[in-house]
Amino acid sequence: MPASRNILVLYTGGTIGMQQSSEGLMPASGFAGRLREQQNQQPPLTLPDWQFRELLPPIDSANMNQTNWLAMVEAIRAGVEQHHCDGILVLHGTDTLAYSAAALSFLLLGFEVPVILTGAMLPAGVSGSDAWDNLFGAMQALHAGVEPGVHLYFSGKLMPGVRASKLGTATLDAFGISPRLRRSERAPKIPSALDYRQPRRPVNLAVLPLYPGMQASQLRALLASGVQGLLLECYGSGTGPADDAELLAVLKEAHARGVVLAAISQCPQGHVEFDIYAAGSKLAASGLISGGGMTREAALGKLFALLGAGLSQAEVEHWFALDLCGERAA
Ligand code: ASP
């Protein structure tokens with residue numbers, strides 16, 4: 001695995017660099033100076049050289065959106081293509097860290113340089129903060145050598161970005177890997193239409209968990225809002241209220257007009273296998289495509305990468321069903 005010697009630190013905001021205000025913790029600029037000062041003060045570590053870039057304005061990652069993801073891709077590419085960096089460290093808020101790690105995994109398919117995202121549960125400088133441990137730990141990992149691809153580093157653990165989730169808010173060890181693993185066919189090669197150089201445009205996506213009592217009219221209203229891709233979080237192995245003919249008709253109509261309908265399991269350790277129950281196969285017959293054991297973060301990021309690249313409904317369904325970067329396969 002190639003060792004990184006000259007990395008880009010890309011600061012997007014998040015608790016790691018936040019400062020106290022009268023309204024509570026707020027994103028703050030000027031983190032590069034604090035990082036340099038901390039590095040000079042503490043016992044020397046084996047770290048790569050680094051250059052720093054901020055995405056302005058720094059945000060609480062609760063405000064993260066598709067445009068921010070595309071800005072990250074652009075900054076990451078510029079770091080490598082213009083400033084010759086051989087590793088990337090993204091500093092990010094923890095609330096949507098796993099969403100960004102998953103989205104970047106798909107938006108950077110074919111990118112040859114390792115990318116690590118990290119953040120902190122407590123701001124740098126606060127007593128008991130995990131900020132410097134996470135930041136310098138991720139830098140050390142890059143210096144030691146990390147495979148190309150997108151990773152998430154937190155609390156001493158390096159995880160595949162496309163399978164990680166934020167699992168807790170009470171401890172510093174807030175991230176884990178989804179155990180919802182189901183082997184599926186690996187894409188033979190990444191198509192050029194999905195390469196990281198492919199431009200992306202914003203996509204209207206929605207995520208909806210199924211719940212007892214859900215009404216067809218609610219689903220119709222959501223789909224009428226111009227949604228291009230809907231991620232349904234089904235029960236168990238991919239079941240839903242398949243006795244509701246009106247609800248199935250709403251899904252079928254949406255599919256017929258080109259909406260991509262994807263399904264994952266809402267069970268933390270589940271995966272979709274529609275044909276176990278009639279309630280699953282009937283639902284699938286309305287045009288749903290299985291997300292296997294993908295997490296919500298991975299399925300959403302993948303829908304964005306595929307639909308945002310301008311692929312047709314049939315092409316999206318084809319690539320969604322195959323493993324592109326470890327999201328579905330062991
Ligand atoms: N709300 C913060 C954010 O996601 C939480 C954090 O960074 O831990 O930016």
Side-chain angles (χ1 to χ4, degrees), residues 8-35 38 50 52-76 88-105 107 115-139 141-142 150-178 205 207 295-301 304:
L8 171 71
V9 179
L10 181 63
Y11 176 69
T12 68
T15 295
I16 192 164
M18 283 192 189
Q19 306 220 294
Q20 202 55 253
S21 77
S22 55
E23 291 177 308
L25 288 171
M26 280 195 41
S29 278
F31 194 70
R34 299 175 66 197
L35 170 54
Q38 179 66 25
W50 52 268
F52 195 91
R53 174 151 178 216
E54 276 187 26
L55 285 186
L56 293 172
I59 59 169
D60 186 307
S61 80
N63 294 303
M64 193 57 59
N65 60 35
Q66 293 172 359
T67 309
N68 299 121
W69 288 340
L70 297 180
M72 281 186 227
V73 170
E74 206 182 298
I76 289 169
I88 308 285
L89 176 58
V90 180
L91 305 182
H92 194 294
T94 60
D95 286 341
T96 58
L97 182 57
Y99 286 91
S100 293
L104 289 177
S105 301
L107 295 173
V115 177
I116 298 184
L117 288 88
T118 195
M121 296 299 280
L122 294 172
V126 163
S127 147
S129 169
D130 51 341
W132 300 126
D133 285 347
N134 286 344
L135 196 157
F136 291 123
M139 279 191 179
L142 283 166
V150 177
H151 312 263
L152 196 155
Y153 181 90
F154 219 87
S155 207
K157 292 184 289 191
L158 188 66
M159 297 164 261
V162 80
R163 296 214 49 86
S165 294
K166 184 173 179 180
L167 301 177
T169 56
T171 62
L172 300 183
D173 188 10
F175 287 82
I177 289 297
S178 161
L205 295 174
V207 182
T295 61
R296 177 198 300 149
E297 295 89 332
L300 185 70
F304 172 53

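All residue numbers in this chain count up from 1 along the given sequence. Each ligand, and each atom within it, is numbered from 1 in the order the structure gives.
Taking atom 6 (C) of ligand 1 as the reference point, the nearest protein heavy-atom neighbour is T15 OG1, 2.7 Å. In this structure, the protein non-hydrogen atom closest to atom 8 (O) of ligand 1 is T94 OG1, 2.4 Å. When hydrogens are left out, the protein atom nearest atom 9 (O) of ligand 1 is S61 N, 2.8 Å; that is the closest non-hydrogen contact. Taking atom 1 (N) of ligand 1 as the reference point, the nearest protein heavy-atom neighbour is D95 OD2, 2.7 Å.
Between H92 and ligand 1, not a single N/O pair is under 3.5 Å apart. Looking at ligand 1, you'll find an N or O of D60 within less than 3.5 Å of one of its N or O atoms.
Looking only at side-chain heavy atoms (C-beta outward), V90 and I76 come within less than 4.5 Å of each other. Using a 4.5 Å heavy-atom cutoff, the side chains of N134 and F154 are in contact.
The shortest heavy-atom distance from M18 to ligand 1 is under 4.0 Å. Residue A120 places a heavy atom under 4.0 Å from ligand 1.
Rounding to the nearest 0.5 angstrom, the gap separating the CG atom in L97 from the OG1 atom in T15 is 10.5 Å.
Residue G14 approaches ligand 1 through these ligand atoms, each under 4.0 Å from one of its heavy atoms: 7 (O), 9 (O).
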